[in-house]
Structures are given as structure tokens and as C-alpha cells.
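Comments concern the structure below.
Just the heavy atoms: all of them, side chains too, but no hydrogens, waters or symmetry mates, feed the values below. Residue numbering restarts at 1 for every chain, and letters A, B, ... go by the order of the sequence lines.
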Amino acid sequence: MIYLLLPAAAFFGAFFLLPMCRLFLVGGSGTRGWSAYTAILTDPVYFNALLATLGVAAATTVATLLISAIAGVFLQRHRFPGNALLVSMLTLPLAFPGVVIGFMVIMLAGRQGLIGALTQALGGDKWVFAYSLGGLFMGYVYFSVPRTILTVMSATEKLDHRLEEAARSLGASTWRVVLDVILPGLKPAFISAGAICFATAVGAFGTAFTLAARINVLPMVIYTEFTLSANIAMAAALSFVLGAVTWLVLALARTAAGSTVAAAG
Amino acid sequence: MTRPASTKPLSISLKSCAKTFADGTRVLEPLDLDIHAGETLVLLGPSGCGKTTTLRLIAGLEQPDAGGRVLFDGVDVTAQSIELRNVGMVFQSYALFPNMTVAGNVGYGLRIRKLPAAAQRARVAEMLAMMRIEALADRSIDQLSGGQRQRVALARALAVQPRALLLDEPLTALDAQLRDALRVEINQLLRELGITAIYVTHDQAEAMALGDRIIVMSHGRVAQTGTPREIYHQPASHFVAGFIGTMNRLSGEMGANGFVCAAGIVPWYGGHSAADEILFRPEDVRIAEEGEPADLVGSVAAAFFLGDRTRLFVDVGDRQPLVMESTARCTRGVGEQVRLRVDPQGVLDLSSQRGSL
Ligand SMILES: Nc1ncnc2c1ncn2[C@@H]1O[C@H](COP(=O)(O)OP(=O)(O)OP(=O)(O)O)[C@@H](O)[C@H]1O
Ligand SMILES: [Mg+2]
């Protein structure tokens with residue numbers, strides 16, 4: 001039986017474990033030695049970039065799940081003309097490279113953007129946030145929402161209708177049915193879709209690169225260290241930490257979600 | 001068993017309730033139905049005849065076509081949605097909340113009603129005791145057997161003291177032995193509570209055992225309404241006769257001394273009739289005693305030993321062999337000649353109903 005694990009173990013070793021070990025070692029091989037890793041916590045440039053990255057990713061995940069949950073359940077439960085077309089169009093942003101998404105954000109929230117023009121016309125200030133973390137957040141949400149909606153839709157389709165009917169027969173209002181039956185039923189989908197959303201937002205580069213001006217997220221810092229400063233060791237150390245922290249956050253989120261299942265029971 | 005504070009049982013009426021689904025299929029013809037307070041009414045019929053749809057109309061999960069009305073104790077509740085009707089539902093698939101424990105499921109309706117915590121606990125304990133599942137209170141749903149799940153579903157539906165209990169094939173997913181045991185238990189429970197209950201099934205034995213009255217349905221219409229005895233002994237149509245229990249059919253024609261068929265003459269005291277077919281149940285035919293005159297003579301086509309009795313298939317020169325039962329000691333072999341007596345009281349002539357359901 002143990003031999004059946006071999007292919008998986010070989011894959012895991014060749015494409016995950018080995019590169020990660022190598023990355024870890026390279027990270028400690030620079031002029032700073034192993035202190036490259038402590039620098040990530042002590043050097044404000046690196047540390048702030050790490051915080052910004054995680055912050056944007058977390059905000060993106062929360063916003064994406066909120067929007068997708070409402071939209072996904074609605075799209076699955078209500079048939080209206082154009083429903084099918086709309087759903088098929090949802091896959092579109094997945095095909096766009098990050099650069100295109102960055103460009104779209106600029107068109108929307110940039111100096112000549114739609115939102116700026118709109119707020120100005122309404123007599124307020126001209127809103128321009130494309131080149132900040134706000135722009136990045138918007139781009140990531142735009143990229144993640146469609147895919148998450150599709151996940152939510154297929155999970156909604158699999159929900160057992162009778163559970164909702166049973167809850168209603170016991171007096172539950174629509175809101176209680178959502179809270180007690182639909183959301184718990186969709187939880188596994190939220191966890192997996194949320195994890196992918198978070199990881200994507202942590203590692204995305206193209207969008208940040210396009211909006212570059214005032215944004216300092218870790219993928220950008222890594223890029224700078226690697227190409228401009230030729231500081232390969234620092235770039236490797238940052239990459240390793242980025243991967244490790246993402247893994248840790250997702251593991252914690254999963255555990256927390258798992259324990260709420262038990263607590264709700 | 002403990003008896004919950006009993007509320008006055010509910011009477012339910014459907015007034016010309018038809019149901020056409022969005023795709024245009026008419027699954028219920030205009031239906032008039034009166035369900036008396038406190039009775040157990042069984043909706044019986046083959047798959048797809050509209051039993052579940054009828055139940056869902058009563059529950060408020062479906063709306064009747066325009067003109068149809070649902071009355072609870074004479075009050076029109078057609079426009080009221082299910083969460084306001086206060087009816088308990090039990091599904092074939094149990095439909096228990098997987099994210100809650102057994103106690104959580106049973107107490108759900110009480111939580112919705114914002115009962116004080118102590119009252120909730122007391123009521124949940126009472127229901128668990130009534131269904132004899134106290135030991136399972138803290139289990140999660142996926143750790144339960146099918147029979148246990150159905151008990152939890154019943155406890156959950158009854159915990160809120162619903163005005164009526166609606167059950168949609170609650171036992172169909174269970175194996176035969178468990179089904180029999182739970183059937184007895186549900187029967188006892190319904191009598192004890194005196195609650196108005198509507199029980200959907202396509203199992204005629206279940207219908208016979210549980211129903212105060214049975215409504216036999218076919219293709220979205222009521223084929224017959226009556227007590228189990230009436231339905232069994234005086235089926236109103238060939239459909240009902242064939243659907244409930246086993247029915248023997250003989251073709252022939254009425255003569256001066258009875259109904260004349262290929263294997264003999266069946267006694268008939270029902271007066272003049274143009275029947276070319278008569279029907280009778282297996283228990284209304286028996287093997288003639290030694291020296292007793294026979295009504296019919298046939299030969300054994302097959303014999304099945306069932307333990308307490310033997311089921312005989314007797315070839316009487318008709319399309320189908322007669323089905324009858326004999327004592328276990330009967331040792332007739334295949335091909336052997338048998339002389340039969342038919343009880344005249346059990347002989348039915350449905351020729352006037354031909355063409356109806
Ligand atoms: N939502 C729906 N849309 C269209 N047709 C439906 C819908 N629900 C049920 N039907 C049809 O209505 C008919 C009656 O269905 P119903 O579920 O009431 O049958 P039933 O007597 O409960 O059968 P069963 O014993 O198989 O459960 C069936 O032919 C079914 O295909
Ligand atoms: Mg049904």
C-alpha cells in the first residue's frame with residue numbers, strides 16, 4: 001500500500017520540498033547571511049510590505065466572499081433572461097493577465113478614470129485611488145469575484161432543498177434559513193474559494209506592477225531586490241517567508257473554520 | 001410516553017385545488033378534500049400521481065392554481081407561507097440539519113420561537129424521551145442510523161407542537177424490518193397525540209395499517225376515499241381493486257345460476273348484471289372439502305410455501321391463474337387438480353365502473 005504513495009511523494013519532493021529547501025538556503029547565503037530572515041521583521045521597508053500584502057489579501061478575500069456569496073446564490077436561485085450569458089461572461093476576467101486588470105483599474109479609478117469624473121461631477125473631490133493599495137484591492141476583487149461566484153453557484157446547486165423547507169416548516173424566516181441552512185451548507189466552498197483568493201492576492205504581481213507608483217507589496221519588493229539590486233539572497237528570503245506566511249494564515253483559517261463547525265453544533 | 005399539552009386538533013380543507021407547474025404540466029386536477037380534526041389521512045397512489053404535490057399544497061410549499069383554496073379550521077390560509085402555518089413536516093430523506101447535533105435539530109423550532117433556554121432544554125429532553133433517543137442527544141447527524149434519523153426528524157417536527165403533521169414517505173428509505181417496527185410506533189404516536197396527520201405513501205400495507213381514512217390517487221385525481229376496509233372490500237374501480245392487495249379476475253358471462261366461466265360457475269346473488277368479468281380476493285376462495293360441491297375446478301400451476309401458509313396459483317383456463325392461499329399443511333403439487341369454493345360475499349362486479357379510473 002505504501003508504494004501507492006510514491007508518485008505523490010516524488011511529485012511533492014521534486015516540485016515543492018526541494019525548491020523550498022533550496023530557496024531557504026539561498027536566502028541565507030547573501031552578504032547578510034541568515035540575518036536576511038530577521039531583517040524582514042526588523043527592516044521597516046520589508047515588514048511594512050509584508051503587512052500591506054497580507055492586509056490587501058485579507059481584505060480582498062473578505063470582500064470577494066461577501067460579494068460572491070450574495071451574487072452566487074442569487075444567480076443560481078433566480079432565472080432571468082440573460083442569466084446564462086451573464087454566467088458565461090463571468091469566466092472572462094480569469095483569462096486576463098494582471099497587466100490588463102491593472103489597466104482596467106486605471107481606467108476606472110485613475111487620474112482620467114470614471115470614478116474620478118463621477119465624484120467630481122457630483123460636486124465632490126476627484127477620487128483617484130488606482131495607484132494605491134485601494135486600486136490593488138479593487139483589481140484583485142475584480143479578478144477573484146467571478147471565479148468565486150462560479151464556485152458558490154455550483155455549491156448552491158448541490159444544497160439539499162429539503163433542509164430549507166424543513167427549516168421553514170419550523171418557522172424560520174428567510175433570513176434564518178440563510179443563516180442556519182444555506183451559509184453552513186456553503187461553508188466548505190467558502191473555505192476553499194477563500195483560500196485560493198487569498199493566495200492569489202498574496203502572490204499576484206502583474207496588477208501591482210502596472211499600478212506601481214505608490215504600492216509596496218512583497219511581490220514588488222522581491223522583484224526590485226532581484227532585478228534592480230541583484231540581491232538574490234534577500235529576494236529568496238522574502239519569497240520563502242511569503243510562501244510560509246501564506247501557508248500559515250490558510251492553515252489557521254481552516255482550523256478556525258473547522259472549530260466553528262463544532263461550536264455551532 | 002409523555003403527552004405534550006394538547007392543542008385542539010386542526011381540520012383541513014382543500015377547495016378545488018389544482019396544480020399546474022411552470023412548464024405547463026397539470027399534475028393535480030381540481031381537488032376537493034376534507035381532512036377531519038385529529039384523523040390520520042393517508043394519501044396512497046402510484047409514483048407520480050401527485051401525492052407529494054398535494055402534501056406540499058397543504059404545507060404551503062406550493063401554491064394552488066388560481067381559484068384553489070386551502071382552509072385550516074375554516075380559515076383561508078392559501079396566501080400564508082409555510083413558516084406561518086405551523087405544520088410539522090417529515091421527509092423521506094429526513095432533512096436533518098448536518099451542522100447541528102441531535103438536540104440542536106430537535107430544539108431548532110424552539111430556538112426560532114425564542115423560548116427561554118430552560119424551557120427549550122426541557123422540551124427537547126421530553127421529545128428525545130418520547131422517541132426513545134435520549135442517548136443520542138449530543139451525536140452529530142452523520143453518526144446516526146436511518147431509523148434513528150427518522151426518530152430525530154419526528155421529534156424535531158413535533159417539538160413545536162404543530163397544528164398538523166405532514167409525513168412524506170417517512171419510512172421508504174428504511175429496510176423492511178425497521179419499517180414495520182417504526183410503522184407501529186408512528187401509529188401509536190399519532191393516536192396518542194391525537195394530532196391531525198397526513199401521511200403520504202405508495203405502500204398499501206402501510207396505508208392500511210396507519211390510515212383512519214385512505215385517499216387513493218391516480219393521475220392527479222382522487223380514485224376513491226374511504227376507510228381501509230371500504231377501500232379493500234369495496235373498491236370503486238378496477239384501478240383501486242388492482243392497486244390495493246391482490247385481486248383475482250375471471251371473464252365469462254352472467255347465467256341463471258351465477259357467473260359462468262371456463263372453469264365452472266361462480267355463485268352470484270347480486271341480481272341482474274351484464275358483467276363479463278368478476279373479481280374476488282385470494283382469501284375469498286378456498287379448496288372445497290371432501291364431498292362438497294365445487295364452484296370451480298382447476299389445476300395447480302405453481303405453489304409457494306410461505307411458512308405459515310402456502311400460496312397457490314391455480315390455472316382455471318383464464319388469461320391469468322387464480323391466486324389463493326391455503327394452510328401450510330397443504331401439499332398439492334404442480335399439475336394436481338383442485339376443486340375450489342368461492343365465497344359469494346367477496347365477489348365483485350365492477351362492470352358499471354369500466355372506463356372510470
Ligand atoms: N416542480 C415541478 N415541476 C414540474 N413537474 C413537477 C414538479 N414537481 C413534480 N412534478 C411532476 O408532478 C407529478 C406528480 O409529482 P409528485 O411528486 O406529486 O408525485 P408523487 O405522487 O409524490 O410520486 P412519488 O411516489 O414518486 O413521490 C410528477 O409527474 C412529477 O414529475
Ligand atoms: Mg412523492
Q. Among B:Arg111, B:Arg85, B:Arg113, who wins on heavy-atom pairs under 4.5 Å with chain A?
A. B:Arg113

Q: For the pair A:Glu157 and A:Arg77, find out whether any cationic side-chain nitrogen is under 4.0 Å from an anionic carboxylate oxygen.
A: no

**Q.** Interface moiety of B:Ser93 toward chain A, non-hydrogen atoms closer than 4.5 Å
**A.** side chain

Q | Between B:Leu166, B:Val87, B:Val160, the one whose heavy-atom pairs under 4.5 Å with chain A are most numerous | A | B:Val87

Q: Test B:Thr101 against B:Asp138 for side-chain hydrogen bond (donor to acceptor under 3.5 Å, both in side chains), laying out the working first.
A: CA-CA 6 Å; B:Thr101 59; B:Asp138 298 318; 5.3 Å; no

Q: Using a strict 4.0 Å threshold on nitrogen-to-oxygen distance, state whether B:Asp168 and A:Arg162 make a salt bridge.
A: no

Q: With a 4.5 angstrom heavy-atom cut-off, could you sort out which part of B:Phe97 is near chain A: side chain, backbone, both or neither?
A: both

**Q.** B:Tyr94 six-ring face occupied by B:Arg151 cation (under 6.0 Å, within 45°)
**A.** no

